[in-house]
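Here is the structure we will look at, set down as structure tokens.
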Amino acid sequence: MSKTIKLYENSSYISKFNATVTDCIKVEEDDRFHGIYTYKAVLDKTAFYPEGGGQPSDRGSITLIHRSASTHNPALKNITVSAVNETNGIIYHYISAPFSAGDSVECKIDWDFRFMLMQHHTGEHIVSGLINRHFGFNNVGFHMGENYVTVDIDGKLTQEDLDFIEISANNTVQKNLGVKIDCPVPEELDVLNYRSKKQIDGDIRIVSVPGADICACCGTHVKTTGEVGVIKFISSQNYKGGTRIYMLCGKRALQDYNHKNKILYDISAQLSTKPENAHDAVSQLKSDRDRLKFENSTLMDRIFELRAAAIDASLEKIIIFEDDLLPSDLLKFSSHLTKNRQNIVFLFSGCDEKGYKYLISSSSHNIRPVAENFNEIFSAKGGGKGNCIQGTVKALKSDIMEYLEPYNFEVSADI
Ligand SMILES: [Zn+2]
């Protein structure tokens with residue numbers, strides 16, 4: 001089979017073209033798209049970019065305009081293309097219904113999606129090129145995801161370095177420079193200093209952004225840097241000894257700004273403050289919350305102390321059910337109920353429907369055998385250090401009471 005003519009190599013701006021189907025084959029089991037698509041069509045020429053070099057494949061549609069005389073396939077209308085790949089110079093368009101060799105088709109690329117990829121791909125060149133020029137580091141990974149683009153750099157960049165690159169990259173955008181694509185002859189390539197230099201059979205395509213980058217690349221790019229729109233670094237992290245940059249360009253950067261702006265305005269409206277004061281208002285809210293938590297904890301402790309004082313200190317067994325106490329409240333309550341007393345305390349918090357958190361403790365008895373029996377009988381899960389066992393149990397209050405009330409703990413009354 002002859003190689004597919006790659007229309008996107010000469011122009012990234014072809015979004016609609018006519019072609020002839022040269023082959024359409026079933027997707028085999030060893031193909032990673034097996035089970036997702038049934039057929040893969042080959043065209044004499046295509047503007048669909050196959051995935052590669054960090055750029056995802058194009059999406060779009062193929063529509064039959066003239067059926068081959070020899071076809072036995074049923075009439076087709078519009079077939080969606082969501083995956084495209086290249087093997088040995090042949091480009092395969094993955095589809096769910098067959099075409100026949102000889103069919104004339106009209107193809108459309110999802111231009112919104114493609115242009116977004118072109119903005120990001122060119123933006124990535126500008127960023128990687130500038131990092132290479134100013135810091136000598138290389139781009140060792142590039143991924144254009146659904147929500148953001150990642151660029152992996154093989155060196156550590158500080159926030160100051162990243163700020164400098166972001167400003168320089170946006171200066172390059174604002175100069176609206178021409179992005180040049182050419183295929184130099186081997187003698188020219190030998191003396192040319194460019195990124196991604198490696199031995200490849202056939203023409204090497206060099207993408208240049210004046211003052212920012214010269215790089216070998218087969219992807220699709222915008223014609224002028226102004227079309228990239230804003231280049232925004234979202235965040236960065238240390239990654240494999242280097243730096244991973246999360247970035248967005250153009251339309252996606254605007255969408256991200258709109259989304260975050262809305263969040264900020266929502267937060268400030270909830271806090272009845274201006275967006276520029278939201279940060280301080282949240283800090284104040286956090287410190288108020290911490291103070292209230294502390295006050296609440298102190299008050300709860302005092303309440304449990306008073307409640308414990310109201311319970312007969314000579315009781316050998318205390319069983320209490322509560323509606324919604326936190327595990328930390330159970331601990332507080334039990335510490336007051338067992339302090340200077342000869343007893344075993346059983347505390348439960350919850351309800352019959354959802355189950356109970358429980359705590360068994362004592363300062364005078366060894367409660368481990370008691371807890372083990374309890375866990376076994378009610379298939380409860382629990383554990384803990386020392387003489388305090390906490391856990392959860394799914395059982396009825398009436399069943400638990402029926403078991404605990406007559407229970408004689410004298411047998412385990414040595415600690
Ligand atoms: Zn590129």
Side-chain angles (χ1 to χ4, degrees), residues 6-15 46-59 84-86 89 91 109-111 113-133 137-145 148-154 165-166 168-170 172-173 175-184 188-189 192-233 244-253:
K6 299 169 177 173
L7 299 174
Y8 55 83
E9 279 193 342
N10 292 324
S11 172
S12 300
Y13 289 80
I14 299 170
S15 61
T46 190
F48 278 97
Y49 181 77
E51 63 181 330
Q55 183 172 333
S57 66
D58 279 325
R59 305 164 180 172
V84 185
N85 76 12
E86 177 181 356
I91 294 175
I109 304 227
D110 176 344
W111 183 247
F113 180 68
R114 158 67 89 75
F115 189 69
M116 179 274 292
L117 297 176
M118 284 160 58
Q119 287 184 311
H120 282 106
H121 199 143
T122 313
E124 178 272 323
H125 274 263
I126 295 170
V127 167
S128 300
L130 287 170
I131 289 173
N132 186 257
R133 281 177 187 218
F137 301 143
N138 299 299
N139 172 334
V140 287
F142 172 43
H143 176 70
M144 284 198 247
Y148 46 75
V149 167
T150 56
V151 179
D152 297 334
I153 302 297
D154 66 355
I165 292 296
E166 190 184 64
S168 306
N170 281 287
T172 303
V173 167
K175 285 178 191 162
N176 201 23
L177 306 165
V179 176
K180 214 170 96 196
I181 314 272
D182 45 22
C183 296
E188 288 174 309
L189 276 173
L192 189 66
N193 186 18
Y194 62 97
R195 296 190 303 113
S196 289
K197 202 166 190 168
K198 52 191 163 201
Q199 286 304 318
I200 305 172
D201 289 336
D203 287 346
I204 291 183
R205 201 160 165 266
I206 298 291
V207 180
S208 315
V209 179
D213 191 35
I214 304 174
C215 183
C217 181
C218 57
T220 57
H221 310 83
V222 293
K223 280 200 298 280
T224 53
T225 57
E227 291 173 78
V228 173
V230 70
I231 295 177
K232 182 72 199 119
F233 292 172
R244 169 166 280 186
I245 301 169
Y246 294 81
M247 62 180 256
L248 284 173
C249 299
K251 262 181 164 179
R252 280 280 174 90

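Just follow the structure's listing: the first ligand is 1, and inside any ligand the first atom is 1. Model, not experiment: these values are computed from the prediction. Position 1 is the first residue of the sequence, and the numbers go up from there.
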Does atom OH (Tyr246) have a neighbourhood of more than 12 heavy atoms from anything else shown, all under 6.0 Å?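 For Tyr246, atom OH is crowded (more than 12 foreign heavy atoms under 6.0 Å).
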Quick check: closest heavy atoms across Ser12 and His221, and the distance to 0.1 Å?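 Result for this residue pair: OG-O, 3.2 Å.
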Which atoms form the tightest heavy-atom contact between Asn176 and Gly226, and what is the distance?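 Taking Asn176 first and Gly226 second, the nearest heavy atoms are OD1-N, 3.0 Å.
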Parallel, tilted or perpendicular for Phe115 and Trp111, by the 30°/60° rule?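 Ring orientation of Phe115 relative to Trp111: tilted.
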Would you say Ile206 and Ile214 make side-chain contact, with heavy atoms under 4.5 Å?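 The answer is yes, as the side chains (C-beta and beyond) meet within the 4.5 Å cut-off.
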What protein N/O/S atoms are found closer than 2.8 Å to the Zn ion (ligand 1)?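 Counting only protein N, O or S atoms under 2.8 Å from the Zn ion (ligand 1), the list reads His121 NE2, His125 NE2, Cys217 SG, His221 NE2.
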Check for me whether Lys223 meets the cation-pi criterion with Tyr13, that is, NZ or CZ under 6.0 Å from the six-membered ring centre and within 45 degrees of the ring axis.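 Because its charged atom sits under 6.0 Å from the ring centre and within 45° of the axis, Lys223 does stack over Tyr13.
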